[in-house]
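Worksheet for the structure shown next.
Worth saying up front: this structure is predicted, and the values here are computed from it rather than measured. In what follows, residues are counted from 1 in the order of the sequence shown.
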Amino acid sequence: MDPEATWLYGHTQRITFGTLFRFGTELRARVRIEVPCRYAKIDDGQVRCGAHRYRAALPKARRRRQTRQLGNDRFVVVQNGQPVPLTLKGPPQPRRQLSVLSVPKTPCVTARCQTSDHTVGAACCRDLQVEILCTKRNRHLEDLVRTRKSPYLCKVSREAPDSLGAEMISACGYLEDGGVLCTLHGRSRPDGRPAKPGLCSKWPKGQDARHPGCAF
């Protein structure tokens, strides 16, 4: 589960990750979702509730940056179920490497794929489908989730008695500064496993690709 967990653990734009822990065969995380309420109106240093008309001073930002790229081939990745800093060396350039890494010919640079907030580029590295553990009896948490600002968290549905499914926009922290290329691509862990899921590096076949070199 480490490569898959690393992929999700990278999406730090609007998710603050806390403790990772095992639950049976699953790896779960305690997180804080950084998406404002759709009823919040902010003006003159105050926040006002558009639904209930409550008003208060705007709280200080609690957001802290969670770095995933440490430089010099060092990254924070999930290894054996826990986030650790590792040195991840990339292999020699293959003769036919995934074209999204063929700078400057990468199709992702000019492709018009975009997330629903109209941010263009690397949409597959920004758009998430998440499962939020929330029982039917936890109405307070469910109401909080369902009133987040769209499209940053939207399409909330009850998937099971103890969980909600939702779509979320939260860019990956493994992207380069340009917001398109992945710094983990082609890298391996010290034990030989890939740094990220195989789907991210799978060469598309025929009509499977939306545009050349895109596995999605």
Side-chain angles (χ1 to χ4, degrees), residues 1-23 25-35 62-109 111 113 115 119-131 152 168-204 213-216:
M1 65 180 71
D2 287 339
E4 286 76 10
T6 296
W7 173 82
L8 180 58
Y9 194 66
H11 289 267
T12 56
Q13 183 185 16
R14 293 187 176 90
I15 304 175
T16 297
F17 287 88
T19 306
L20 300 184
F21 61 97
R22 294 183 184 274
F23 186 85
T25 59
E26 297 179 348
L27 185 63
R28 298 181 176 181
R30 301 190 187 280
V31 307
R32 186 170 70 243
I33 294 174
E34 305 284 349
V35 178
R62 296 184 300 169
R63 183 80 167 144
R64 64 181 180 88
R65 189 179 179 206
Q66 294 194 312
T67 304
R68 297 292 179 260
Q69 303 180 49
L70 305 179
N72 297 322
D73 295 322
R74 299 275 291 173
F75 300 85
V76 176
V77 298
V78 178
Q79 181 82 347
N80 298 323
Q82 289 299 314
V84 295
L86 289 178
T87 298
L88 305 175
K89 294 291 187 179
Q93 292 285 341
R95 285 192 304 171
R96 189 187 184 197
Q97 77 177 64
L98 188 67
S99 61
V100 294
L101 265 283
S102 300
V103 181
K105 297 180 180 179
T106 166
C108 286
V109 172
C113 57
T115 42
T119 299
V120 177
C124 55
C125 298
R126 303 176 187 278
D127 212 345
L128 300 173
Q129 290 189 352
V130 296
E131 180 184 17
Y152 306 106
M168 188 171 182
I169 297 174
S170 183
C172 182
Y174 295 114
L175 292 174
E176 288 186 351
D177 291 340
V180 175
L181 303 181
C182 177
T183 58
L184 288 187
H185 188 81
R187 294 181 181 269
S188 299
R189 301 164 186 267
D191 58 13
R193 291 183 298 161
K196 61 179 187 175
L199 177 63
C200 298
S201 303
K202 183 180 178 182
W203 186 266
C214 179
F216 299 92

> How far does CG of Asp2 sit from CD of Gln82, to the nearest 0.5 angstrom?
Replying inline: 9.5 Å
> What distance do Tyr9 atom OH and Phe17 atom CZ have between them, rounded to the nearest 0.5 Å?
Replying inline: 7.5 Å
>> The criterion is side-chain contact (heavy atoms from CB on, under 4.5 Å); which residues satisfy it with Leu86, sequence neighbours excluded?
In response: Val77, Gln79, Val84, Leu88, Pro190
> Who pairs with Glu26 by side-chain contact (heavy atoms from CB on, under 4.5 Å), at least two apart in sequence or on another chain?
Replying inline: Phe23, Arg28
> Under the side chain to side chain contact (heavy atoms under 4.5 Å, CB included) criterion, do Met168 and Ile33 qualify, and how do the steps go?
Replying inline: CA-CA 10 Å; Met168 188 171 182; Ile33 294 174; 3.5 Å; yes
> How about Arg30: does its CZ atom have over 12 heavy atoms from other parts shown lying under 6.0 Å from it?
Replying inline: no
> Is the backbone of Gln13 close enough, under 3.5 Å, to the side chain of Ser170 for a donor and an acceptor to pair up by distance?
Replying inline: yes
> Can you name the closest pair of heavy atoms from Leu20 and Val78 and give their distance?
Replying inline: CD1-CG2, 3.9 Å
> Between atom CZ of Arg22 and atom CG of Leu27, what is the distance when rounded to the nearest 0.5 Å?
Replying inline: 6.0 Å
> Under 4.5 Å between any side-chain heavy atoms of Leu70 and Val76, yes or no?
Replying inline: yes
>> Holding to side-chain contact (heavy atoms from CB on, under 4.5 Å), I want the full list of residues that pass it with Pro3, two or more places apart in sequence or in another chain.
In response: Arg189, Arg193, Pro197
> Do you know which two heavy atoms are closest between Val180 and Leu175, and how far apart they sit?
Replying inline: O-CD2, 3.6 Å
> If you look at every heavy atom in Ala122 and Cys113, which pair is closest and at what distance?
Replying inline: N-SG, 4.2 Å
> Under the side chain to side chain contact (heavy atoms under 4.5 Å, CB included) criterion, do Tyr174 and Thr6 qualify, and how do the steps go?
Replying inline: CA-CA 10 Å; Tyr174 295 114; Thr6 296; 3.6 Å; yes
> In Å, rounded to the nearest 0.5 Å, how long is the span from NZ of Lys89 to CG of Asp73?
Replying inline: 4.0 Å
> Taking atom CZ of Arg14 and atom CG of Leu128, what is their separation to the nearest 0.5 Å?
Replying inline: 10.5 Å
>> Taking CG in Asp177 as the centre, count heavy atoms belonging to other residues, nucleotides or ligands within less than 6.0 Å. Is the count above 12?
In response: no
> Quick one: CZ on Arg187 to CZ on Phe75, what's the gap to the nearest 0.5 Å?
Replying inline: 4.0 Å
